[in-house]
Amino acid sequence: MFGLERVLRALRTERRTAHAKAVVTGAGSGIGRAFALELARRGGDVLCADIDADRAAETVALIEQLPTGSGHSVQCDVSDRGAVALLAEQAQEFFGGAPTLVINNAGVGIGGKPVGDIGFEDWDWALGINLWGVVYGCEVFTPLLRDAGRGGIINVASAAGFAAAPSMAAYNVSKAGVMSLSETLAAELNGSGVAVTVLCPTFVKTNVFTDGRITPGSMNLSQQLARWSGLSAENVAARTLDAHDSGRLYVVPQIDASVIWHLKRHFPALYVRGAGLVGRLLPKD
Ligand SMILES: NC(=O)c1ccc[n+]([C@@H]2O[C@H](COP(=O)([O-])OP(=O)(O)OC[C@H]3O[C@@H](n4cnc5c(N)ncnc54)[C@H](O)[C@@H]3O)[C@@H](O)[C@H]2O)c1
């Protein structure tokens with residue numbers, strides 16, 4: 001009996017990212033676009049949501065060039081609670097029922113200023129998209145998946161959620177919140193048939209550094225680090241979907257992210273002192 005249950009569970013999880021009925025936020029660029037295309041390659045139907053309708057439509061046009069999968073674009077600002085509620089309605093209409101996978105990916109970059117100089121307008125902007133956007137996505141879509149008793153949620157956090165890098169407080173706080181939310185959700189959904197995964201990359205080459213509110217010096221450094229990091233958005237998306245299929249909660253895809261993760265867990269106070277030292281050595285804008 002135990003063996004049969006394991007086989008049934010394996011079959012169920014294997015299918016999670018294959019032929020998915022997926023909602024991807026921030027699907028018009030970078031990691032979100034890579035998720036949408038990879039899901040389509042796996043035979044999925046993807047509702048590509050983005051604040052920028054043209055970018056979302058471009059992603060759908062790319063999906064249409066693939067031999068498998070289908071896509072549909074929709075404009076949605078995830079920092080708008082009503083817009084995310086509407087997205088859930090549109091998803092149910094598009095799929096003829098609940099989606100099987102929701103990827104709360106939309107996010108923006110912010111950095112280069114220390115606490116005290118960030119300003120509340122920038123705090124509100126960053127937390128509104130990066131944290132509240134994911135809160136809305138989880139709050140609105142979780143009941144649909146829980147009632148269906150299957151599927152999954154992937155939240156895109158960042159290694160910033162645990163790295164506490166100086167001059168990135170608003171981003172760090174938003175991503176730490178996404179990690180905590182994902183961990184809580186995973187505990188709450190344990191045994192429900194719905195899997196939760198949280199993605200925590202360091203630097204990936206996308207538009208996040210140029211489109212956000214990052215000071216010029218920090219933007220240059222981030223772009224340089226993204227060039228060195230070695231993992232493309234496509235690679236990160238595929239690895240995350242595979243990890244989700246095997247039921248993994250945390251995806252820490254790069255070596256530097258993994259080193260930071262272990263240092264912080266095992267030597268938290270020493271780590272923070274080290275981060276402070278590195279922060280003082282970095283160029284100021
Ligand atoms: N690129 C990296 O180095 C990196 C590292 C760690 C985490 N992340 C996270 O990955 C996610 C995707 O970022 P990316 O690197 O692909 O960036 P990106 O800028 O290439 O793509 C982000 C997409 O989100 C959309 N977007 C922005 N604000 C939105 C809103 N309010 N509502 C809906 N869509 C919105 C943008 O239009 C864009 O299409 C983000 O959550 C980001 O914080 C990125």
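Remember, predicted model here, so these are calculated numbers, not experimental data.
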Is any side-chain N of the basic residue among Arg213 and Asp122 closer than 4.0 Å to the acidic one's carboxylate O?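 Yes.
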
Presence of salt bridge, Arg239 and Glu234, under 4.0 angstrom: no

For atom [atom1] of [X], decide whether the heavy atoms of other residues, nucleotides or ligands shown that lie under 6.0 angstrom number more than 12.
{"X": "Arg41", "atom1": "CZ", "result": "yes"}
{"X": "Lys264", "atom1": "NZ", "result": "yes"}
{"X": "Leu66", "atom1": "CG", "result": "yes"}
{"X": "Glu139", "atom1": "CD", "result": "no"}

Without swapping roles, check the side chain of [X] against the backbone of [Y] for a donor-acceptor pair under 3.5 Å.
{"X": "Gln254", "Y": "Thr202", "value": "yes"}
{"X": "Gln92", "Y": "Ala98", "value": "no"}
{"X": "Thr210", "Y": "Asn207", "value": "yes"}
{"X": "Glu64", "Y": "Gly71", "value": "no"}
{"X": "Asn104", "Y": "Gly133", "value": "no"}

What is the distance from atom [atom1] of [X] to atom [atom2] of [Y], rounded to the nearest 0.5 Å?
{"X": "Phe120", "Y": "Leu127", "atom1": "CZ", "atom2": "CG", "answer": "11.5 Å"}
{"X": "Leu47", "Y": "Leu87", "atom1": "CG", "atom2": "CG", "answer": "5.5 Å"}
{"X": "Met168", "Y": "Ile118", "atom1": "CE", "atom2": "CD1", "answer": "10.5 Å"}
{"X": "Asp245", "Y": "Thr197", "atom1": "CG", "atom2": "OG1", "answer": "9.0 Å"}
{"X": "His244", "Y": "Leu101", "atom1": "NE2", "atom2": "CG", "answer": "5.0 Å"}
{"X": "Trp132", "Y": "Asp80", "atom1": "CH2", "atom2": "CG", "answer": "13.5 Å"}

Going through the distances and angles, do Asp242 and Arg16 end up as a salt bridge (charged side-chain N to carboxylate O under 4.0 Å, His left out)? CA-CA 9 Å; Asp242 291 344; Arg16 223 167 241 136; over 6 Å; no

Taking all atoms of both residues into account, what is the closest heavy-atom pair of [X] and [Y], and its distance?
{"X": "Ala226", "Y": "Phe209", "answer": "CB-CE1, 3.7 Å"}
{"X": "Leu39", "Y": "Ala22", "answer": "CD1-CB, 3.6 Å"}
{"X": "Leu145", "Y": "Val194", "answer": "O-CG2, 3.5 Å"}
{"X": "Ser182", "Y": "Val196", "answer": "O-CG1, 3.6 Å"}
{"X": "Ala233", "Y": "Ala34", "answer": "O-CB, 3.5 Å"}
{"X": "Tyr136", "Y": "Val78", "answer": "CD1-O, 3.2 Å"}

Given side chain to side chain donor-acceptor pair (under 3.5 Å), test Arg42 with Thr17 step by step and report yes or no. CA-CA 7 Å; Arg42 297 177 186 212; Thr17 71; 2.9 Å; yes

Quick one, Ser218 with Thr215, criterion side chain to side chain contact (heavy atoms under 4.5 Å, CB included). Give me CA distance, side-chain angles, the key distance, then yes/no. CA-CA 6 Å; Ser218 296; Thr215 55; 3.4 Å; yes

Exercise: do Thr59 and Arg33 side chains pair donor with acceptor under 3.5 Å: yes

Verify side chain to side chain donor-acceptor pair (under 3.5 Å) between Asn105 and Thr25, making sure each step is shown before the conclusion. CA-CA 5 Å; Asn105 161 78; Thr25 68; 5.2 Å; no

